[in-house]
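For the numbers below, each heavy atom of this structure counts, side chains included, while hydrogens, waters and symmetry mates do not. Note that this is a predicted model, so its numbers are computed, not measured.
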Amino acid sequence: MRHGRRLFVLTFLVPPLALYAVFVISPYLQAFQISLTNWRGLSPTYDYVGPENFRRLLQDHYVWNALKNNAIILVALPIITIVLALFFASMLTVGGRSGKAGVRGVRGAAFYRIVYFFPQVLSVAIIGVLWKEVYAPRSGILNGFLRAIGLDGLAKPWLGDPDLAFWCVLAVMVWSNVGFYVVLFNAAMQSIPRELYEAAMLDGAERGEILRKITVPLVWDTIQVAWVYLAILAIDAFAIVQIITDGGPGNSSDVIGLRLYGDAMNESKFGYASAIGVAMFFLTLSVAFVSLRITRRDRIEL
């Protein structure tokens, strides 16, 4: 090791770096190349068209409609998910009554953690199929429940209504992600000294005030990471939308990832689809950078 350290390092680093370059970096570079062509994916020949695909992209109203939906998800998904996750995690950590054992979570907190995390053990395909059946107009659980309690007027074709389909998918995205961040925030809150909560309660602070002035500042780094991950998820949102609505009805729930897939696989416009992918690449980087800048603040040391 002492005499052959460089050889040892090269032996263990070069193979994984080579694999990463071949299977990750190379496809990215190929996507940039293909985005400048009119390749249709079914022949070995193509012509270079330069920035023509990107000019078409700027004039494609289907793409702009998908980007509008992604923008709504980008705002709504992180905010709703993080707020709900912070509330539930706070209840699991310090939501119970304080007694001789000090500040503690609600009774049965360990069981609730498992329940909240349960959606994470399901694949996206299972979640999509499950909620598609929940929203079914005739046999769905949601409409069946509304009819069972006498609210027949509220039963709707949830995924068949252009005004509701997108929001139904957004609700599924929140449901499927909030449990993970409950567990994540709960783990971060475990490192906060209980003396801070006890002192705040002795001073008469309300639960909401404790959450806002103690918990949130001390777990801000975790919130920042959660925000970036959810923002990246919001830009994609492909799998869950394709399974539940496939962008319908009437493109009302379309997203940019689904638009890319449709142009490539359904219309054989691989050059144009690659241009969408390149645009998504830079959009994702920009969103991640802006999210980190907006949520950056001084770290609080205990």
Side-chain angles (χ1 to χ4, degrees), residues 31 34-35 38-42 49 51-81 124-140 142-143 154-177 230-284 286-287:
I34 295 171
S35 68
N38 63 355
W39 187 48
R40 300 188 65 84
L42 301 176
V49 296
E52 179 62 28
N53 287 327
F54 295 96
R55 281 196 290 266
R56 285 181 54 200
L57 196 63
L58 295 175
Q59 300 172 359
D60 192 337
H61 70 277
Y62 290 111
V63 169
W64 285 107
N65 174 67
L67 282 174
K68 180 199 72 175
N69 290 336
N70 278 105
I72 296 173
I73 298 173
L74 181 61
V75 174
L77 179 63
I79 293 177
I80 298 173
T81 302
V124 176
I126 293 175
I127 291 174
V129 172
L130 172 68
W131 278 94
K132 190 173 183 179
E133 292 302 317
V134 169
Y135 286 130
R138 293 185 179 275
S139 59
L142 181 56
N143 281 345
L154 296 180
K156 299 178 182 297
W158 302 97
L159 301 180
D161 189 336
D163 296 328
L164 295 175
F166 172 76
W167 302 106
C168 290
V169 174
L170 179 59
V172 175
M173 294 181 69
V174 172
W175 176 86
S176 62
N177 285 283
L230 287 166
I232 294 173
L233 176 64
I235 295 175
D236 181 16
F238 162 73
I240 200 74
V241 173
Q242 186 199 33
I243 295 169
I244 297 180
T245 65
D246 199 22
N251 296 314
S252 61
S253 60
D254 199 9
V255 290
I256 193 66
L258 189 60
R259 178 54 41 192
L260 183 156
Y261 176 84
D263 284 328
M265 300 301 176
N266 298 334
E267 301 184 27
S268 299
K269 298 178 181 177
F270 278 78
Y272 185 60
S274 295
I276 297 177
V278 170
M280 285 181 63
F281 172 78
F282 286 109
L283 179 61
T284 303
S286 301
V287 168

In chain order, what residues pass the side chain to side chain donor-acceptor pair (under 3.5 Å) check against W158, with sequence neighbours excluded?
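Residues passing side chain to side chain donor-acceptor pair (under 3.5 Å) with W158: N143.
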Check side chain to side chain donor-acceptor pair (under 3.5 Å) between D236 and all other residues, then give those that pass, not counting sequence neighbours.
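D236: no side chain to side chain donor-acceptor pair (under 3.5 Å) contacts found.
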Only pairs at least two apart or in different chains count here, so list each salt bridge (charged side-chain N to carboxylate O under 4.0 Å, His left out) that has a residue in residues 159-177.
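Not a single pair qualifies under salt bridge (charged side-chain N to carboxylate O under 4.0 Å, His left out).
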Scan for salt bridge (charged side-chain N to carboxylate O under 4.0 Å, His left out) pairs involving residues 249-278, sequence neighbours excluded, and state none if there are none.
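Qualifying pairs, neighbours excluded: D254-R259, E267-K269.
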About how many Å separate [atom2] of [Y] and [atom1] of [X], when rounded to the nearest 0.5 Å?
{"X": "I235", "Y": "L77", "atom1": "CD1", "atom2": "CG", "answer": "11.5 Å"}
{"X": "L230", "Y": "T81", "atom1": "CG", "atom2": "OG1", "answer": "5.0 Å"}
{"X": "L57", "Y": "S35", "atom1": "CG", "atom2": "OG", "answer": "10.5 Å"}

Could you work out, with side-chain contact (heavy atoms from CB on, under 4.5 Å) as the rule, every residue matching A76, not counting sequence neighbours?
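With neighbours one apart ignored, the set is I80, L170.
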For S268, what residues pass the side-chain contact (heavy atoms from CB on, under 4.5 Å) criterion, not counting sequence neighbours?
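Partners of S268 by the side-chain contact (heavy atoms from CB on, under 4.5 Å) criterion, ordered by chain and then number, come out as R40, L42.
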Enumerate, atom names and distances included, each donor-acceptor pair closer than 3.5 Å involving a side-chain atom of residues 240-251, sequence neighbours excluded.
unit_1 : atom_1 : unit_2 : atom_2 : d
T245   : OG1    : V241   : O      : 3.3
T245   : OG1    : G247   : N      : 3.2
T245   : OG1    : S253   : OG     : 2.7

Applying ring-ring contact (aromatic ring centres under 6.0 Å, His included), name anything that partners W175, two or more places apart in sequence or on another chain.
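In terms of ring-ring contact (aromatic ring centres under 6.0 Å, His included), with neighbours along the sequence ignored, W175 is linked to W131.
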Y261: partners by ring-ring contact (aromatic ring centres under 6.0 Å, His included), with sequence neighbours left out
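Listed in chain order: F238.
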Strictly distance-based, threshold 3.5 Å: is any side-chain N or O of N70 a donor or acceptor partner for the main-chain N or O of V255?
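No; judged by distance alone, with no hydrogens or angles, the pair does not exist.
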Going by salt bridge (Lys or Arg N to Asp or Glu O under 4.0 Å), name the residues that satisfy it together with R55, two or more places apart in sequence or in a different chain.
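Salt bridge (Lys or Arg N to Asp or Glu O under 4.0 Å) list for R55, sorted by chain: E52.
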Would you mind writing out the side-chain donor-acceptor pairs for residues 270-283 within the sub-3.5 Å range, not counting sequence neighbours?
unit_1 : atom_1 : unit_2 : atom_2 : d
Y272   : OH     : D60    : OD2    : 2.6
S274   : OG     : F270   : O      : 2.8

Identify each donor-acceptor pair in which a side-chain atom of residues 132-140 lies under 3.5 Å from a protein atom, sequence neighbours left out, and give them as a table.
unit_1 : atom_1 : unit_2 : atom_2 : d
Y135   : OH     : C168   : O      : 3.2

